[in-house]
Amino acid sequence: MEKPISPNYDVVICGAGPAGLVAGLKLRELFPANFTIALLDKRSPWREPAQCAEAVHNKGLHRLVQVNPDWIRSPIDGVIFVSPEGTRIKYSQPQSGLLINRTLMHKDLAQRCSNSNIDCCFSANVKSISILADGVRTLSCLFKEEGERQIKARYIIDASGAGASLTCESNLAKGDFDVEPAIFALVKGLKFETNFIQMFFGQKIAPGGYAWLFPRDSEIANLGIVCGREYLKTKSPRKYFNEWLKKEFPEAEVISVHGGPIACGQSFEPIAKDHLFKAGDSADMVNPISRGGILEAMKAGKLAAECIYKIEDSDSKTDQQKIYDYYFKHWMKIQGGVHDRLARAKPAFGKIPDVVLNKAARKIAAIPTEKRTLFRIFWETLVSSPGLLFKMRSLMH
Ligand SMILES: Cc1cc2nc3c(=O)[nH]c(=O)nc-3n(C[C@H](O)[C@H](O)[C@H](O)COP(=O)(O)OP(=O)(O)OC[C@H]3O[C@@H](n4cnc5c(N)ncnc54)[C@H](O)[C@@H]3O)c2cc1C
């Protein structure tokens with residue numbers, strides 16, 4: 001599927017994660033075959049395991065890409081919320097989510113890119129990007145086989161992930177907004193329902209975040225933890241993780257341990273200028289509470305491609321600036337606005353005392369399962385502490 005990379009392209013996409021792959025496919029849908037596109041990554045995007053818990057919204061994924069059933073490990077039929085003292089609240093919503101095999105999805109989407117005449121190279125480390133006249137940019141790229149060389153591009157999509165800071169010199173969003181280190185292990189030896197994800201809350205478990213059990217198949221689970229950054233000054237995420245694992249799942253047999261950064265917030269720095277678009281984690285586009293960013297990255301990749309199409313169709317520099325503004329504004333409308341409100345509520349959310357969560361969980365446990373709604377679960381938690389409602393007021397408008 002990989003091809004030799006030419007010295008010139010109309011668009012070069014840096015990063016073949018969800019943002020870059022969907023951007024490539026959308027570009028090819030919009031432009032004819034003679035519009036040249038390259039998709040570069042420093043590593044094969046289907047290396048195992050993906051640094052991810054691999055949960056997505058079912059309808060959301062289907063809206064963004066043509067889903068191959070092989071990508072689906074299991075449907076998600078609901079969530080089990082676990083309170084600090086261990087009360088388990090089962091919330092059912094059949095088929096609402098999917099646990100996917102991201103590496104298979106990446107491979108399939110990369111194959112589709114290659115089939116639609118996009119030059120793919122997955123051993124190309126983009127070292128720097130500089131700007132020439134009229135928005136044309138040069139990428140300095142280190143290829144595994146041939147060493148360093150330059151590529152020119154009329155447009156660049158930086159989809160290089162969290163904190164990769166490939167294009168930080170341009171005063172754009174850097175993918176470093178509220179970066180939290182997440183850690184997870186693939187484990188066996190546990191019994192769990194394959195169609196329910198489990199989320200564990202508590203100040204001693206994962207302050208400012210949550211711990212999770214997401215099934216991979218009937219034998220293997222992905223157990224992980226993400227904590228708010230401010231809680232990691234005195235204790236490492238690894239320590240939180242080990243303590244939780246030992247207490248909650250002493251029988252777990254750890255197969256391997258992994259980790260990765262999550263840029264979870266909504267920055268207000270520009271995300272596009274001078275023929276350069278940032279998409280996905282590289283533009284701080286992750287949900288600050290769930291820490292989900294796969295569909296967000298896909299949405300942004302698609303939107304970046306549409307904006308390049310608009311620029312190609314425009315006449316003047318003024319129109320171009322309007323399109324860069326549109327990229328940010330439209331992102332805020334479809335997703336970023338919600339992220340911003342969640343980000344403002346996040347500090348209060350992270351500080352909910354265990355006694356409040358325990359009290360709310362006991363109350364919700366008394367509600368019959370079929371009458372539990374996400375809103376009711378959330379509401380019961382909020383009203384369990386009088387000050388919380390005020391602190392989370394950003395969620396109300
Ligand atoms: C532990 C963990 C669990 C998560 N769980 C979930 C989940 O369950 N659901 C969910 O929706 N989200 C989850 N996320 C977040 C999700 O993984 C990211 O939001 C998503 O991958 C962002 O996609 P992206 O395309 O922007 O970036 P990435 O997927 O990070 O892709 C970026 C690509 O760019 C490449 N790259 C970087 N620098 C260069 C360079 N200089 N040159 C060439 N290539 C480069 C990288 O190799 C990579 O392939 C999780 C994240 C972590 C860390």
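Start at 1 and go down the list; that is how both ligands and their atoms are numbered.
- Residue-ligand proximity, Arg43 to ligand 1, at heavy-atom distances under 4.0 Å covers atoms 47 (O).
- Follow the hydrophobic side-chain contacts under 4.5 Å out from Met332 and you never reach Ile289; the two are in separate clusters.
- Ligand 1 has no nitrogen or oxygen under 3.5 angstrom from a nitrogen or oxygen of Glu296.
- The residue from Ile100, Asp281, Val126 that puts a heavy atom closest to atom 20 (C) of ligand 1 is Asp281.
- Here is the list of ligand 1 atoms found below 4.0 Å of a heavy atom in Arg291: 12 (N), 13 (C), 14 (N), 15 (C).
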request  = Could you please spell out the steps behind the salt bridge (Lys or Arg N to Asp or Glu O under 4.0 Å) verdict for Lys359 and Glu85?
outcome  = CA-CA 10 Å; Lys359 188 174 146 198; Glu85 66 183 3; over 6 Å; no
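- Under 4.0 angstrom from ligand 1, the non-hydrogen atoms of Arg102 all belong to its side chain.
- A donor-acceptor contact shorter than 3.5 Å links the side chain of Tyr210 to the backbone of Ser290.
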**Asked** Going through the checks in order, is the side-chain contact (heavy atoms from CB on, under 4.5 Å) test met by His62 and Asn58?
**Response** CA-CA 7 Å; His62 280 87; Asn58 187 351; 3.0 Å; yes
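- Atom numbering of ligand 1 starts at 1 in the shown order; those under 4.0 Å from a heavy atom of Gly260 are 53 (C).
- Those atoms of ligand 1 that come under 4.0 Å of a heavy atom in Gly292, given as number and element, are 10 (C), 11 (O), 12 (N).
- At a 4.0 Å cut-off, at least one heavy atom of Ala124 sits close enough to ligand 1 to count as contact.
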Chi angles and distances behind the ring-ring contact (aromatic ring centres under 6.0 Å, His included) call for Tyr324, Phe277 | CA-CA 8 Å; Tyr324 299 132; Phe277 289 83; 5.6 Å; yes
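- The shell of residues lying under 4.0 angstrom from ligand 1, judged by heavy atoms, includes Ala159.
- Using modelled atom types, one finds a donor on one side chain and an acceptor on the other under 3.5 Å when comparing Glu312 with Tyr155.
- Taking only nitrogen or oxygen atoms, main chain and side chain alike, Trp212 does not reach within less than 3.5 Å of ligand 1.
- For Pro261, no nitrogen or oxygen atom sits less than 3.5 Å from a nitrogen or oxygen atom of ligand 1, counting backbone and side chain alike.
- Considering each of Arg47, Lys127, Gln51, the one bringing a non-hydrogen atom nearest atom 52 (C) of ligand 1 is Gln51.
- Close approach of ligand 1 to Ala53 (heavy-atom distance below 4.0 Å) involves ligand atoms 3 (C), 4 (C), 5 (N), 6 (C), 8 (O).
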| query | Given Glu243 and Lys204, is the salt bridge (Lys or Arg N to Asp or Glu O under 4.0 Å) satisfied, shown in steps? | reply | CA-CA 9 Å; Glu243 284 176 8; Lys204 291 201 182 99; over 6 Å; no
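- When non-hydrogen atoms are compared, ligand 1 lies under 4.0 Å from the backbone of Asp41 as well as from its side chain.
- One distance of note links CG of Leu30 with CG of Leu25; it measures 11.0 Å at 0.5 Å rounding.
- With atom 23 (O) of ligand 1 as the reference point, the heavy atom nearest to it among Gly301, Pro18, Ser160, Gly280 is part of Pro18.
- Salt bridge present: Arg149 and Glu146 bring a charged side-chain N and a carboxylate O closer than 4.0 Å.
- Heavy-atom contacts of Ala182 reach the following atoms of ligand 1: 1 (C) (cutoff under 4.0 Å).
- Put simply, the residue from Asn117, Asp10, Asp119 that forms a side-chain contact (heavy atoms from CB on, under 4.5 Å) with Thr36 is Asp10.
- Ser267 pairs with exactly one of Asp178, Asp284, Asp176 by the side chain to side chain donor-acceptor pair (under 3.5 Å) rule, that one being Asp284.
- No heavy atom of Met298 sits closer than 4.0 Å to any atom of ligand 1.
- For the pair Cys52 and ligand 1, a heavy-atom separation below 4.0 Å is found.
- Near Leu166, meaning under 4.0 Å from one of its heavy atoms, ligand 1 places the atoms 41 (N).
- Contact annotation: for His258 versus ligand 1, there are no heavy atoms closer than 4.0 Å.
- Applying the 4.0 Å criterion to heavy atoms of Ala55 picks out, from ligand 1, the atoms 7 (C), 8 (O), 9 (N), 10 (C), 11 (O).
- Heavy atoms from other residues, nucleotides or ligands lying under 6.0 Å from CD of Glu145 number 12 at most.
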Show your reasoning for whether salt bridge (Lys or Arg N to Asp or Glu O under 4.0 Å) applies to Glu306 and Lys299.
-> CA-CA 11 Å; Glu306 286 164 355; Lys299 280 183 197 171; over 6 Å; no
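- The shortest N or O to N or O distance between Pro45 and ligand 1 is not under 3.5 Å.
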